[in-house]
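Structure first, then comments.
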Amino acid sequence: VNSESRAFRLLPLLLLAFLVLLGLGIEGVRFHRLLWLPKLPIAVLLLLGARAAR
Amino acid sequence: MNLFLELLTLVCTVLAGLHAWVVRREEGVWLFASLLLLGACRENWVVLEQLLYRYGSLHLKAGAAPAIGVVIWAYSIYAAVVWAETLGHSRAFLALVGVFMMALVGLYEPFLALVGMARWEAGTRVTAGVPWIALIGYPTLAVAFLWLFDGVRRGLPRPPARAAALLVSLPVLAVAHAYGLAQVKRLLGW
């Protein structure tokens with residue numbers, strides 16, 4: 001599996017990682033508040049997924 | 001901003017559907033179409049029966065429910081499936097999907113409440129923006145769907161019978177889960 005197809009296989013998870021970062025960005029810019037603690041579990045699971053895919 | 005988030009979610013869902021088709025071919029189309037049907041039935045029922053939560057001011061509709069509520073189940077459960085497959089523990093597959101869905105609660109719920117896209121009914125018990133009942137609702141719907149979908153897939157491989165079985169069973173699952181979760185929430189006082 002080359003790196004391109006691997007990236008495509010993980011596309012739904014990459015989109016989710018993008019949504020986590022976007023959520024933090026919107027919260028910080030618009031609400032001046034970061035709800036980072038509840039996002040911690042999904043961030044950890046996404047990192048585990050990235051590690052397993054290597 | 002709500003319209004931007006609604007469109008973004010739709011784009012993510014379309015890409016996830018494309019992923020399902022490219023990676024899994026015909027089986028991916030069955031899976032994703034079934035997930036969309038599940039989400040449509042579930043969220044329309046929640047809105048029509050005024051169960052569990054209320055949506056805020058949203059622009060795109062799919063029946064009586066907001067489109068974002070309909071498609072987010074498909075996107076989320078499909079992402080959970082991809083994640084569980086990536087980890088590769090086939091025996092614990094459903095448990096991993098459940099854990100991933102529980103983690104998604106922490107991403108979605110506090111943010112949706114903050115931007116005013118959805119609010120749980122008054123008196124819902126919440127910690128750090130996470131409604132306790134959602135920690136049951138997210139994983140149980142995903143696991144029940146995958147169990148049902150796999151059973152139909154194995155038992156009825158021919159497309160007409162399979163389509164008929166899914167068209168009957170998925171709305172039943174969606175309605176039963178919404179009602180059941182509302183009852184569990186009431187019983188637990190959550």
Side-chain angles (χ1 to χ4, degrees), chain A, chain B residues 1-2 4-5 8-9 11-20 22-24 28 32 35 72 74-89 96-117 126-131 134-135 138:
Chain A
V1 179
N2 64 38
S3 60
E4 281 181 13
S5 64
R6 189 185 302 150
F8 183 77
R9 284 193 167 272
L10 295 176
L11 178 67
L13 304 182
L14 294 172
L15 290 171
L16 210 47
F18 168 70
L19 291 181
V20 172
L21 295 174
L22 183 72
L24 285 170
I26 290 173
E27 288 165 10
V29 170
R30 175 142 186 196
F31 300 98
H32 305 290
R33 185 180 172 197
L34 286 181
L35 301 171
W36 61 269
L37 188 61
K39 293 181 183 63
L40 212 49
I42 194 66
V44 170
L45 295 188
L46 288 173
L47 287 173
L48 281 176
R51 189 177 166 201
R54 281 168 59 188
Chain B
M1 186 173 66
N2 281 2
F4 166 71
L5 292 171
L8 181 68
T9 306
V11 169
C12 287
T13 305
V14 168
L15 289 174
L18 197 64
H19 180 276
V22 170
V23 172
R24 301 162 202 274
F32 214 79
L35 283 167
I72 199 71
Y75 174 71
S76 302
I77 295 174
Y78 186 69
V81 166
V82 171
W83 179 80
E85 286 174 343
T86 303
L87 258 60
H89 301 291
L96 288 171
V97 167
V99 167
F100 193 87
M101 293 300 292
M102 290 173 83
L104 277 179
V105 177
L107 169 61
Y108 293 155
E109 295 293 342
F111 184 79
L112 291 175
L114 188 66
V115 299
M117 293 178 85
V126 172
T127 299
V130 174
L135 293 170
Y138 279 46

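Here is how names work: the chains are called A, B, and so on, in the same order as the sequence lines, proteins then strands, and each is numbered from 1.
Contact annotation for R30(A): only side-chain heavy atoms (C-beta onward) come within less than 4.5 Å of a heavy atom of chain B. For chain B, the nearby parts of L16(A) are the backbone and the side chain; heavy atoms of each come within less than 4.5 Å. Neither the backbone nor the side chain of L96(B) comes within less than 4.5 Å of any heavy atom of chain A. Contact annotation for L40(A): neither backbone nor side-chain heavy atoms come within less than 4.5 Å of a heavy atom of chain B. For V11(B), no part lies near chain A; criterion is any non-hydrogen pair under 4.5 Å. Contacts of F100(B) with chain A are made by both backbone and side-chain atoms, with heavy-atom separations under 4.5 Å. Interface remark: L24(A) contributes no atoms to any contact with chain B (heavy atom separation under 4.5 Å). Heavy atoms of L15(A) lying under 4.5 Å from chain B belong to its backbone as well as its side chain.
Atom CG of L48(A) sits about 11.5 Å away from atom OG1 of T86(B), to the nearest 0.5 Å. The CG atom of L46(A) sits 8.5 Å away from atom CG of L107(B), with the distance rounded to the nearest 0.5 Å. Remark: M101(B) CE to I42(A) CD1 distance equals 9.0 Å, nearest 0.5 Å. Here the NE2-CG distance, from H19(B) to L10(A), works out to 7.0 Å after rounding to the nearest 0.5 Å.
If you tally non-hydrogen atom pairs under 4.5 Å between each of V23(B), V105(B), V81(B), V130(B) and chain A, the highest count goes to V23(B).
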